[in-house]
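Working notes for the structure below.
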Amino acid sequence: MATQTPPTTPTTTSAAPAGGAHAALHARHRAVLPDWLATYYRRPIELTRGEGRHVWDAEGNRYLDFFGGILTTMTAHALPEVTAAVSAQAGRILHSSTLYLSSHAVELAERIARLSGIPDARVFFTTSGTEANDTALLLATAYRRSNQILALRNSYHGRSFSAVGITGNSAWSPTSLSPLQTLYVHGGVRTRGPYAQLSDAEFVTACVADLEDVLGQTGGPVAALIAEPVPGVGGFTMPPDGLLAAFKQVLDKHGILWITDEVQTGWGRTGEHFWGWQAHGQAGPPDILTFAKGIGNGMSMGGVVARAEVMNCLTAHSISTFGGSPVTAAAALANLTYLVEHDLQGNARRIGGLLRGRFEAAAARLGIVREVRGRGLMLGVELVVPGSGQPSAEAAGLALEAAREHGLLIGKGGRFGNVLRIAPPLSLTVEEAEEGADALEAALAAAQQALATGPAGNAL
């Protein structure tokens with residue numbers, strides 16, 4: 001069960017009662033918010049406080065956070081350096097808009113431009129990853145004078161009308177209408193589908209052939225390929241390193257832009273690289289890079305980096321009311337400084353290796369786990385019906401609930417809703433990693449047992 005404060009206290013608390021604070025808030029939530037607004041757990045919870053890698057809910061339960069508000073709390077909850085920067089800036093001025101100069105925004109843009117690897121880079125700030133990808137699509141289609149976009153199957157790029165139109169995951173695509181003509185290519189899923197049995201080299205060759213075949217059937221120019229280096233909502237399905245570099249060689253022949261969606265993979269989360277594209281960087285940097293989530297550590301911050309020729313192609317005026325606001329830029333600067341100075345990328349590599357080893361050891365004992373994948377602190381655990389390769393969303397739901405009961409918050413995704421997503425703050429310690437691994441192993445065992453006995457408690 002979810003443990004109470006302080007962290008060293010071994011006692012546990014029971015699940016929230018049906019008439020508790022969470023139930024009352026959930027009733028109000030359902031009365032005024034959309035039915036399609038997803039929440040976790042049979043009895044959703046409100047998180048009211050965070051510190052380090054832990055959060056507390058409205059009923060006093062304490063949890064180890066292995067999802068960070070969907071990969072957004074990148075360094076730590078209530079990081080003193082970030083909260084101090086927010087407080088100091090809020091005491092001066094909260095808002096001005098891009099109609100006025102901002103020293104924080106300029107300094108942050110200078111740092112991100114240098115880190116991006118894109119030559120002669122320009123940076124535009126937004127308030128979210130969805131808005132960042134919208135902007136990237138606007139730039140690419142205007143620059144290339146084409147509304148044709150290449151995207152990977154199993155992809156996710158946001159919830160706006162244009163972003164939904166390039167999302168190759170039916171679970172997150174509520175309409176087939178789109179201002180874009182989207183052409184989906186293979187490469188987003190490594191271990192399922194028609195190329196699953198191929199070696200990595202054969203997989204890349206087959207995906208490149210598919211890309212060339214698709215391009216041979218298009219009418220007129222294609223604007224861009226947009227790709228997550230590691231599909232996030234899709235379940236961390238991990239294409240082989242070098243795939244996007246091989247794609248870029250084809251794209252360059254046609255003048256097609258490469259957009260790398262780093263909303264989830266950026267800022268060192270994968271451990272081995274600062275950006276996800278760098279695992280595919282043999283052909284050089286992308287033309288456009290989008291980012292969000294972790295840079296603000298919970299503040300609404302996103303953006304686009306592009307070489308000047310592309311960024312400056314728009315011929316109409318544009319502004320951003322909230323993008324790069326004084327407060328969010330101050331928070332992002334403090335957060336980025338902390339991340340670099342404390343080598344959290346290196347910590348993600350080291351602690352991520354520890355966690356992956358623990359998860360793989362558990363998988364060897366549990367038939368419910370088909371695969372452990374990912375890198376750094378971006379790990380996926382795919383669940384199936386034991387004794388088969390059949391995806392099991394039920395198993396993932398049971399494991400999610402059981403993990404919370406053991407004081408651990410995790411995420412869930414994948415095309416079939418059967419992948420547990422593990423993405424804690426990058427400052428996770430060895431002790432916390434071991435604690436979380438113990439909790440997840442117990443949750444997986446409980447889920448497997450629940451599947452075996454069925455809802456009535458009888459063996460199936």
Do [X] and [Y] come close enough that some side-chain heavy atom pair is under 4.5 Å?
X: Leu225; Y: Leu257; result: no
X: Glu228; Y: Thr260; result: no
X: Glu46; Y: Leu25; result: yes
X: Val123; Y: Leu108; result: no
X: Leu150; Y: Leu251; result: yes
X: Arg370; Y: Arg192; result: yes
X: Arg190; Y: Asp200; result: yes

Separation between [atom1] of [X] and [atom2] of [Y], rounded to the nearest 0.5 Å:
X: Leu289; Y: Asp261; atom1: CG; atom2: CG; answer: 9.0 Å
X: Leu344; Y: Leu426; atom1: CG; atom2: CG; answer: 5.5 Å
X: Gln197; Y: Thr191; atom1: CD; atom2: OG1; answer: 9.5 Å
X: Thr237; Y: Leu152; atom1: OG1; atom2: CG; answer: 8.5 Å
X: Gln449; Y: Leu366; atom1: CD; atom2: CG; answer: 11.5 Å
X: Ile295; Y: Leu339; atom1: CD1; atom2: CG; answer: 8.0 Å

More than 12 non-hydrogen atoms from neighbouring residues, nucleotides or ligands closer than 6.0 Å to [atom1] on [X], yes or no?
X: Arg415; atom1: CZ; answer: no
X: Glu434; atom1: CD; answer: yes
X: Ile70; atom1: CD1; answer: no

Checklist line | Glu51/Arg49 under salt bridge (Lys or Arg N to Asp or Glu O under 4.0 Å): CA gap, chis, key distance, verdict | finding: CA-CA 7 Å; Glu51 181 179 344; Arg49 183 167 71 89; 3.8 Å; yes
Next item on the list: Apply side chain to side chain donor-acceptor pair (under 3.5 Å) to Ser392 and Asn418, showing your working.
Entry: CA-CA 5 Å; Ser392 178; Asn418 67 316; over 6 Å; no
Notebook entry, point to check: Who passes ring-ring contact (aromatic ring centres under 6.0 Å, His included) against Tyr338, sequence neighbours left out?
Noted result: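 With neighbours one apart ignored, the set is His342.
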Next item on the list: Determine the interplanar angle of the Tyr195 and His186 rings, folded into 0 to 90°, and report it as parallel if under 30°, tilted if 30 to 60°, perpendicular if over 60°.
Entry: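 Aromatic pair Tyr195/His186 classed tilted.
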Check: Does NZ or CZ of Arg421 fall inside the cone over Phe67's six-membered ring, less than 6.0 Å from its centre and within 45° of the axis?
Finding: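 No.
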Next item on the list: Kindly indicate whether a cation-pi arrangement holds for Arg404 with Tyr63, taking the cut-offs as under 6.0 Å to the six-membered ring centre and within 45° of the axis.
Entry: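 No, Arg404 does not lie over the aromatic ring of Tyr63.
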Next item on the list: Show the numbers, then the answer: is there a side-chain contact (heavy atoms from CB on, under 4.5 Å) between Val230 and Gln264?
Entry: CA-CA 8 Å; Val230 179; Gln264 297 194 31; over 6 Å; no
Check: Which atoms form the tightest heavy-atom contact between Leu244 and His280, and what is the distance?
Finding: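 That would be N-ND1, 3.2 Å.
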Next item on the list: Mind running side-chain contact (heavy atoms from CB on, under 4.5 Å) on Val369 and Gln448 for me, showing each step along the way?
Entry: CA-CA 9 Å; Val369 180; Gln448 180 163 298; over 6 Å; no
Next item on the list: Apply salt bridge (Lys or Arg N to Asp or Glu O under 4.0 Å) to Arg349 and Asp343, showing your working.
Entry: CA-CA 10 Å; Arg349 181 178 63 253; Asp343 187 26; 5.2 Å; no
Next item on the list: Can you spot which of Leu451, Leu398, Val385 makes a side chain to side chain contact (heavy atoms under 4.5 Å, CB included) with Ile368?
Entry: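 The single option meeting the side chain to side chain contact (heavy atoms under 4.5 Å, CB included) with Ile368 is Leu451.
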Next item on the list: Give a yes or no on whether the ring-centroid distance for Trp267 and Phe291 is below 6.0 angstrom.
Entry: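 So the answer is yes for these two rings.
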Margin query: Does Glu202 form a side chain to side chain donor-acceptor pair (under 3.5 Å) with Ser199? I'd like the steps, not just the answer.
Written below: CA-CA 5 Å; Glu202 292 169 337; Ser199 69; 3.3 Å; yes
Margin query: Holding to side chain to side chain contact (heavy atoms under 4.5 Å, CB included), I want the full list of residues that pass it with Asp252, two or more places apart in sequence or in another chain.
Written below: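 For Asp252 the side chain to side chain contact (heavy atoms under 4.5 Å, CB included) partners, ignoring immediate neighbours, are Lys248.
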